[in-house]
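Beneath this line is the structure, given in structure tokens, with notes to follow.
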There are 2 protein chains.
Amino acid sequence: MFSKATEYALRATIYIAQKSSVDKKLSLTEIAQAIDSPPSFTAKILQLLTKDNSVIHSVRGPNGGFYITEKNKQLPLKKILEVVNENDLFEKCILGLKKCSETNPCPLHFQYKPIKQELIYLFQTNTILELSEKADSESLFINNK
Amino acid sequence: MFSKATEYALRATIYIAQKSSVDKKLSLTEIAQAIDSPPSFTAKILQLLTKDNSVIHSVRGPNGGFYITEKNKQLPLKKILEVVNENDLFEKCILGLKKCSETNPCPLHFQYKPIKQELIYLFQTNTILELSEKADSESLFINNK
DNA sequence: CTAATTAAAGGTATTTTTGTCCTTAATTAA
DNA sequence: TTAATTAAGGACAAAAATACCTTTAATTAG
Ligand code: FES
Ligand code: FES
């Protein structure tokens with residue numbers, strides 16, 4: 001479904017939202033261990049999410065690390081997909097036609113359309129905060145080993 | 001969503017179902033042109049679909065090519081996904097956890113679950129025949145240039 | 001039988017994705 | 001100010017996906 005990069009971006013952001021605050025920043029090492037991802041690759045993805053503080057914030061030096069503001073927790077998951085350039089995934093034709101359109105639909109188009117829209121809705125309406133709260137109660141990363 | 005290999009497999013099979021019969025076999029060249037795919041790579045995928053005649057049939061030599069039997073047109077799309085090893089795509093956790101389970105669900109699990117099941121249903125219930133008929137009436141491959 | 005045609009099979013090449021490593025910059029504490 | 005810590009940034013490496021090419025096998029027509 002998603003690329004590894006996107007999966008790590010989603011998992012990392014949810015974890016950061018769950019555990020961090022301005023006075024409790026999380027190190028790359030902790031995050032990568034928690035979400036079971038390769039540290040160096042994860043660093044790259046966190047850099048993307050940190051760019052312009054668009055999703056998460058970072059501070060260098062001792063006691064530095066990554067955190068997310070309350071404001072940014074209100075962002076929809078879609079925002080994360082945008083950052084890793086996978087935002088248009090659900091706009092694409094499921095058979096890989098160059099464009100998904102009503103005027104020249106592929107034979108799956110009209111059956112896929114409502115599903116596609118549920119997926120878009122899912123990522124548009126769920127905020128990072130909501131997901132991180134669910135992660136609390138449902139023990140998110142336990143079964144990833 | 002799907003890999004290129006899977007997209008080509010789906011498009012090729014639908015095209016073959018639409019245009020071929022035992023006495024009208026289609027050459028690799030024609031198929032690749034029709035579905036706008038790289039010929040050599042498409043050849044590999046057609047080989048997979050031909051293995052054990054599981055989806056399509058092939059004949060070598062002059063007037064040879066690919067075709068599909070009426071019987072195999074009754075196969076669900078899921079069969080094509082199996083052949084290209086993408087059948088488990090919809091079983092996977094959307095956040096990339098090693099297993100998608102009810103007992104240790106990720107925070108998107110319960111919202112994703114119904115969508116996942118619609119996707120599974122889509123590929124289980126639609127047959128190759130049904131799709132190829134839709135492709136007729138809806139001009140499948142016109143907009144792929 | 002021979003030549004032509006077409007898919008099968010295997011190896012190779014390119015591109016993209018994923019992952020690592022090393023140096024630099026920022027920050028902090030001593 | 002110096003040393004330690006942590007992320008940023010860039011170059012590099014490995015793996016996987018995508019794409020190509022050449023040879024072989026099967027089939028057919030002449
Ligand atoms: S054209 Fe294929 S999904 Fe819309
Ligand atoms: S556990 Fe993530 S979708 Fe089921």
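Contact check of residues 45-56 of chain B against DNA chain D (heavy atom, cut-off under 4.0 Å) returns no residues at all. Contacts between residues 23-31 of chain B and DNA chain C, defined by a heavy-atom separation below 4.0 Å, involve B:L26, B:S27, B:L28, listed by number.
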Could you walk me through whether A:M1 and A:L119 pass the side chain to side chain contact (heavy atoms under 4.5 Å, CB included) check? CA-CA 12 Å; A:M1 185 74 147; A:L119 284 166; 4.1 Å; yes
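Rounded to an integer number of Å, the gap from CD1 of B:I35 to P of D:dA19 is 11 Å. For the pair B:Y67 OH and C:dA7 C1', the computed distance is 13 Å after rounding to whole Å. Atom CG of B:D36 and atom C1' of D:dT18 are 15 Å apart (whole Å). Counting to the nearest Å, the P atom of D:dT6 and the CZ atom of A:R60 are 14 Å from each other.
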Take nucleotides 12-20 of chain C nucleotide by nucleotide from the 5' end and write B, S or -, depending on whether a protein heavy atom sits under 4.0 Å from the base, only from the sugar-phosphate, or from neither. ------BBB
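Side-chain atoms of A:T6 do not come within 3.5 Å of backbone N or O of A:F2 as any donor-acceptor pair. With B:S20 contributing its side chain and B:A17 its backbone, the two residues share no donor-acceptor pair below 3.5 Å.
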Show me, pair by pair, the donor-acceptor contacts under 3.5 angstrom made by side chains of residues 110-117 of chain A, not counting sequence neighbours?
{"from": "A:Q111", "atom 1": "OE1", "to": "B:N126", "atom 2": "ND2", "distance (Å)": "3.2"}
{"from": "A:Q111", "atom 1": "OE1", "to": "B:K134", "atom 2": "NZ", "distance (Å)": "3.4"}
{"from": "A:K113", "atom 1": "NZ", "to": "A:E102", "atom 2": "OE1", "distance (Å)": "3.4"}
{"from": "A:K113", "atom 1": "NZ", "to": "A:E102", "atom 2": "OE2", "distance (Å)": "3.3"}

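An OP1 or OP2 oxygen of C:dT6 is reached within less than 4.0 angstrom by no side-chain nitrogen or oxygen of B:S58.
Using five terminal pairs a side, the axes of the helix from C:dC1-D:dG30 to C:dA30-D:dT1 at its two ends make an angle of 0°, given in steps of 10 degrees.
For residues 60-75 of chain A, every residue pair satisfying the side chain to side chain donor-acceptor pair (under 3.5 Å) rule, not counting sequence neighbours, is listed here: A:E70-A:K73. Residue pairs meeting the salt bridge (charged side-chain N to carboxylate O under 4.0 Å, His left out) criterion with at least one partner in residues 85-95 of chain A, sequence neighbours excluded, do not occur; the list is empty.
Scored by the side chain to side chain donor-acceptor pair (under 3.5 Å) test, B:T42 finds B:S37 as partners (sequence neighbours excluded). In this view, A:F41 and A:Y8 satisfy the ring pair (Phe, Tyr, Trp, His ring centres under 6.0 Å) rule, not counting sequence neighbours. Considering only residues two or more places apart in sequence or on other chains, B:K24 meets the side-chain contact (heavy atoms from CB on, under 4.5 Å) condition with B:S21, B:L26. Checked against salt bridge (charged side-chain N to carboxylate O under 4.0 Å, His left out), B:E7 has the following partners two or more places apart in sequence or in another chain: B:K4. For A:F66, the ring pair (Phe, Tyr, Trp, His ring centres under 6.0 Å) test picks out no residue, with sequence neighbours left out.
B:V83 pairs in a side-chain contact (heavy atoms from CB on, under 4.5 Å) with only one of the listed residues (B:I45, B:I56, B:V55), which is B:V55.
A salt bridge links B:K98 with A:D36: the closest approach of a Lys/Arg side-chain nitrogen to an acidic carboxylate oxygen falls below 4.0 angstrom.
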